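By convention in this document, chain letters (A, B, ...) are assigned in the order of the sequence lines, proteins followed by strands, and residues within each chain are numbered from 1. Below, all heavy atoms of this structure are taken into account, side chains as well, without hydrogens, waters or symmetry copies. Please read these numbers as outputs of a predicted model, since none were measured by experiment.
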Amino acid sequence: MAELSTAYEPAEVEVSWYQRWVEGGCFHADESSDKEAFSIVIPPPNVTGILHMGHVLNNTIQDVLCRRARQEGKEVLWLPGMDHAGIATQTRVEKMLREDGQTKHDLGREKFLEKVWEWKEKHGGIIIEQLKRLGCSCDWERERFTMDEEYSAEVTKTFVHFFEKGNIYRGKRMVNWCPVSLTALSDEEVIMKPQNSKLFYMRYELVEEPGKFLQIATTRPETLMGDSGVAVNPKDPRYAHLIGKHAKRPFPAAEIPIVADEHIDIEFGTGVLKVTPAHDKADFEIGVRHNLEIIDVLHPDGTINCPEVPELDGMDRFPARRKAVEMLEEMGLLDKVEEHENNVGYSERAGVPIEPRLSMQWFLRYPQVERATEAVANGEIEMRPARWKKTYLHWMENLQDWCISRQLWWGHRIPVWYRKDKAAELQGAESLDRGNMERGEIHVGSEPPSDPENWVQEDDVMDTWFSSWLWPFATMDDTARAKFYPTSDLATGPDIIFFWVARMIMAGFEFTGEKPFGHVYFNSIIRDIKGRKMSKSLGNSPDPLDLMAKYGADGLRFGLLRMAPTGLDLRFDEKQIEEGRNLANKLWNACRYRLMVGDAGVGGLDAANRPENLPIYAVDILAKLDALAGRLDGAYADYKFNDIAAQLYEFFWSNFCDLYLEAIKDDFKGSEERKHATLWTMDVVLARLLQLFHPFMPHVTEELWTRLEFGTEEFLATTPAVKGLVLEGLAADGIAAAQGQTAAVFETASKTRNLKAEYNLASNKNVRLVLKPAAEWVAAEAETLALLVGAEGVSIEAEPSMPKGTPAAVTPMGEIYMPLEGLIDVEAEKGRLDKELEKTEKELEKSTKKLGNDRFIERAKPEVVEQERTRLAEWEEKIARLREMRKSL
RNA sequence: GCGCGGUUAGCUCAGUGGUAGAGCAUCACCUUGACACGGUGGAGGUCACUGGUUCAAAUCCAGUAUCGCGCACCA
């Protein structure tokens, strides 16, 4: 018999099993298999990323699904990989260069990209190793990267495809500009944040009415050099007379027209807007409507570009704001300043306010919008929790063209070449589309032009999401696709429903004619205990590796899933993880106990050799196990991971450990037959339980599976789940009777322990008990009862004669008396019985009232009425006995 | 402004019409031959509020309050 240590130490066990699984090929997906396919593609983490709690939750869910599918005999592909993360990676490498006093321009594009690849090989993909530590059962032979050669070819092809179809065009538009990353961003990459700003009320003098002023409120005085007009609402009587006249812009001094535009909110500020078409989306549109000049007063990096105002020229936009205010004040044009909360768009990556900026960008008109909308609307693609469907549909109805170009070097370069002789003209052209290609002015193709010396390639690269939206199929070759596409499930966070999920659906239909996945499961967003989002800057994000070191990967996985509500935010508390570790330890010790009481291998997954005579406790636990398996099937079908975890926990901890294991401890002193039946039962329950726990806690279950010799040579990870009930063929009324008796014994034990506690007897103090049996069968279970409550023995007496004041209780097995020498306290016992009586009478009153209501008898379901009658009878019986006991005092 | 979600024990959360639950925390007792990462027994809830439907409401409906999220947006 192998000795097991008293406490489970996960660290070594986990790492070593992971290695054995990989070496054993447990996670390898075989496309030539006849088995039904199950596939998931990982939401590719950033190559710069490190594992955080969100990853842990998301990937544990995927691992559970994959491991469960393997147990169900499916051919499972979990395809892993990483995303090249354009902005994040380029920023990282640029920072490294800066530390050496260099910029990317010193190196040039090609050399810089070499550096990025170098960085990637050396430092990239830490997260992959971390996923392995977590136990993720990915097929690592198929790891993909969005910048791989084959993958990149797919991305380029996609661009060419859409350009030729006319979905892609280039144009000068207002886009979200990140002054730190120096690139355009898509609308989805901008996060609106409420800001405590200031609203400055300033005065512009009227040209036509010298000495009279127009008061204007603004939050951005630093852009007033770009004002090319002043706008009021045409319905605003205060300003009607000014429309068509002019105002004096303070610096650089200019006369700008006053126009009327419906967009102006009469209520806001003074009802007058300074129009800065180059630096605000709404202003741009007003400018277009009224033919106002577009004056760009910002450099791409957010510094002021206005040589005419040297005080401000070259300053950063925020100091410039303060300076501009000072200047206005000095000129006597600032009336007042108000505190004002407004929403400011921030760059998701760089964390700074974006600037609306007019620039030349590439756009995509989304394809397959109708098909992609319909597929989710009609349930062809199912989203869970279902409410995300609405969010998705709402977004699909309001699609704006996707700005797919980024002014970066790291990424898939746009496969467009301009004719050298016309390059300058073409690059500056207001719009560019397939017409230019047809006229031979540009070359758009997967391959460069055959005479490259005559062409100049477009500098921009594509948005990283423009590569990840192909992920479900671009990661697979034709054979893999034939077997594993469409993928079965997608598990991801709701925060990327637009970035990724919606776009994948559109791309899937466009390129494969099929949906990319059948179900989308949106996991919770993890917050800290105060409900704040986890972030590096707040320092409220625990390092999952630390947690795994402390509690084991299994503990982390289980603890997180047990408390992860389906689709609500999850407030993370390390206590939950501790609970996971405790569970692993409890599993370990239950198995340790099994090995202490008998040699391994008496029973296992196969329940065919079931002993003839099973003790009632065996019947009870096996019946509960059979029921559990059925309930878990249902919970898996609904993706209720927290429910699955809670049910496993409850069955194992409460039913198996607290009740069953405590009730069978004397079996090993008894007959060989009884001993064998109990060892067999323990093995059957443990084998099945380890299998059921395995998707959640793969390492400890695999270790125990081996220790208990359940698998001869095979891994638990690849052992198919058993189907069928352990108690198959056993008479239902026999099972029910055994369960009834077992429940009665446990309840009696609980009542009796309570009696002991009320008399301040230590739980390990053996007392003497007398039982007046309520049924014939109870005599046979008296010894077990004694074991459970800590008693020297339980004597069965039909008419016990007890000294007055002997502590007693009414239980399902009968009346229990606890004779205590020299400790009789009649008053105490009276008080105790009175309390019990009072409680029971309250219950009786409730039942009586219910059953006295004719409408209840008439309208309630018959079984409910019947149940209530049974209850009433039970209360009455109990009260009668309690009263009798009370009287005898 | 539009949409979605939450409000149940001190905390984190289960609970879709029929006797209010779990874990943690707390109190008391217990190192009993699996486990103190443990055991036993307690205490702790007018299920946010108001009204309605129903024999019966934490659960269904309407409204209110409050917290949060998403979209749009205020210069």
Side-chain angles (χ1 to χ4, degrees), chain A residues 4 6-8 187 192 197 199-200 216-220 231 263-265 267-276 280-283 286 340-343 385 387-388 390-391 394-395 398 494-495 497-498 525 527 529 531 551 555 559 562-573 575-576 578-597 640 642-643 646 649-650 653-654 657-658 661-662 665 749-750 753-758 760-766 788-790 843 846-847 850 853-861 863-865 867-868 871:
Chain A
L4 267 64
T6 169
Y8 172 57
D187 295 342
M192 302 307 285
S197 310
L199 190 56
F200 303 96
I216 304 176
T218 180
T219 53
R220 300 205 61 188
H263 176 263
I264 312 306
D265 181 355
E267 306 295 322
F268 190 91
T270 60
V272 186
L273 172 72
K274 69 182 201 60
V275 186
T276 323
D280 184 282
K281 225 172 179 173
D283 288 16
I286 295 170
H340 173 66
E341 193 185 279
N342 63 344
N343 283 319
R387 62 198 164 79
W388 292 110
K390 265 193 185 171
T391 308
H394 181 255
W395 188 72
N398 297 287
D495 47 340
I497 187 168
F498 310 136
I525 302 240
R527 297 177 178 279
I529 197 74
Y551 305 111
R562 174 157 190 226
M563 279 296 159
T566 45
L568 289 174
D569 287 356
L570 164 71
R571 286 184 188 221
F572 178 77
D573 185 348
K575 284 280 179 208
Q576 296 156 4
E578 202 175 313
E579 207 179 290
R581 175 201 58 180
N582 295 353
L583 174 66
N585 186 59
K586 188 87 172 172
L587 269 173
W588 176 263
N589 274 290
C591 294
R592 177 167 176 263
Y593 178 66
R594 167 63 188 82
L595 289 176
M596 286 171 73
V597 295
K640 288 186 172 167
N642 56 342
D643 190 31
Y649 187 98
E650 152 81 11
W653 203 298
S654 305
C657 292
D658 291 349
L661 285 187
E662 293 307 322
K665 282 186 171 169
S750 171
R753 287 165 178 157
N754 173 268
L755 204 57
K756 279 175 73 176
E758 296 240 8
N760 287 323
L761 298 169
S763 53
N764 64 341
K765 181 177 166 65
N766 279 345
L788 287 170
V789 301
E843 295 297 339
K846 260 203 248 173
S847 271
K850 238 183 184 178
N853 182 348
D854 291 344
R855 302 183 62 110
F856 173 69
I857 307 284
E858 271 168 46
R859 306 224 178 167
K861 279 177 277 180
E863 60 267 30
V864 173
V865 177
Q867 189 191 12
E868 202 56 44
R871 216 176 273 160

Qualifying residues under side chain to side chain donor-acceptor pair (under 3.5 Å), relative to [X], sequence neighbours excluded:
X	result
A/Asn342	A/Ser197
A/Asp187	A/Asn176
A/Lys665	A/Glu662
A/Arg871	A/Glu868

Within this structure, what is the [atom1]-to-[atom2] distance between [X] and [N], rounded to whole angstrom?
X	N	atom1	atom2	value
A/Asn582	B/rA34	CG	P	19 Å
A/Arg571	B/rC11	CZ	C1'	10 Å
A/Leu570	B/rG5	CG	C1'	16 Å
A/Glu650	B/rG23	CD	C1'	11 Å
A/Lys756	B/rG39	NZ	P	17 Å
A/Asn589	B/rA34	CG	P	10 Å
A/Lys390	B/rG5	NZ	P	6 Å
A/Arg387	B/rG3	CZ	P	16 Å

Identified pairing partner of [N], criterion: Watson-Crick or G-U wobble below 3.5 Å:
N	result
B/rA75	none
B/rA62	B/rU50
B/rC2	B/rG70
B/rA22	B/rU12

Point-to-point distance, once rounded to the nearest 0.5 Å, from [atom1] of [X] to [atom2] of [Y]:
X	Y	atom1	atom2	value
A/Leu661	A/Tyr593	CG	OH	7.0 Å
A/Lys586	A/Asp658	NZ	CG	5.5 Å
A/Phe200	A/Ile216	CZ	CD1	14.5 Å
A/Thr218	A/Leu199	OG1	CG	7.5 Å
A/Asn585	A/Glu578	CG	CD	11.5 Å

For [N] versus [M], give the span between their [atom1] atoms, rounded off to a whole number of Å.
N	M	atom1	result
B/rA20	B/rG52	C1'	23 Å
B/rG51	B/rC13	P	30 Å
B/rU12	B/rA25	C1'	11 Å
B/rG42	B/rC49	C1'	32 Å
B/rG15	B/rG5	P	15 Å
B/rA34	B/rU66	C1'	49 Å
B/rA28	B/rC47	C1'	29 Å
B/rA22	B/rA14	C1'	7 Å

Under the ring pair (Phe, Tyr, Trp, His ring centres under 6.0 Å) test, which residues partner [X], sequence neighbours left out?
X	result
A/His340	A/Phe268
A/Tyr8	A/Trp588
A/Tyr649	A/Trp653
A/Phe856	none

Spell out protein contact along nucleotides 16-21 of chain B as letters: B when the base is contacted, S when just the sugar-phosphate is, - when no protein heavy atom is under 4.0 Å; keep the 5' to 3' order. --BB--

Does a side-chain N or O from A/Arg753 land closer than 4.0 Å to OP1 or OP2 of B/rG41, or not?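 Yes.
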
Using only side-chain N and O atoms of A/Ser750, determine if any of them is under 4.0 Å from OP1 or OP2 of B/rG41.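 Checking A/Ser750 against B/rG41: at least one side-chain N or O falls below 4.0 Å of OP1 or OP2.
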
List, with names and distances, any nitrogen or oxygen atoms from the protein found under 3.5 Å away from nitrogen or oxygen atoms belonging to nucleotides 71-75 of chain B.
{"unit_1": "B/rC73", "atom_1": "N3", "unit_2": "A/Asn343", "atom_2": "ND2", "d": "2.9"}
{"unit_1": "B/rC73", "atom_1": "N4", "unit_2": "A/Asn343", "atom_2": "ND2", "d": "3.2"}
{"unit_1": "B/rA75", "atom_1": "O3'", "unit_2": "A/Thr219", "atom_2": "OG1", "d": "3.0"}
{"unit_1": "B/rA75", "atom_1": "N6", "unit_2": "A/Asp265", "atom_2": "O", "d": "2.7"}
{"unit_1": "B/rA75", "atom_1": "N6", "unit_2": "A/Phe268", "atom_2": "O", "d": "3.4"}
{"unit_1": "B/rA75", "atom_1": "N1", "unit_2": "A/Asp265", "atom_2": "N", "d": "3.1"}

Both A/Asn853 and A/Ser654 contact RNA chain B. Which one's nearest nucleotide lies toward the 5' end?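 Looking at RNA chain B, the more 5' nearest nucleotide goes with A/Ser654.
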
For A/Lys765, all residues meeting side-chain contact (heavy atoms from CB on, under 4.5 Å), sequence neighbours excluded: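 In terms of side-chain contact (heavy atoms from CB on, under 4.5 Å), with neighbours along the sequence ignored, A/Lys765 is linked to A/Leu761, A/Ala762.
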
Within the modelled atom types, does a donor on one side and an acceptor on the other bring the side chain of A/Lys586 and the base of B/rC35 under 3.5 Å apart?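 Present.
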
Which one, B/rC37, B/rG42, B/rA36, comes nearest to the side chain of A/Asn754?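 Side chain of A/Asn754 sits closest to B/rG42.
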
Protein and nucleotides 25-33 of chain B: nitrogen or oxygen contacts under 3.5 angstrom:
{"unit_1": "B/rC30", "atom_1": "O3'", "unit_2": "A/Asn764", "atom_2": "ND2", "d": "3.2"}

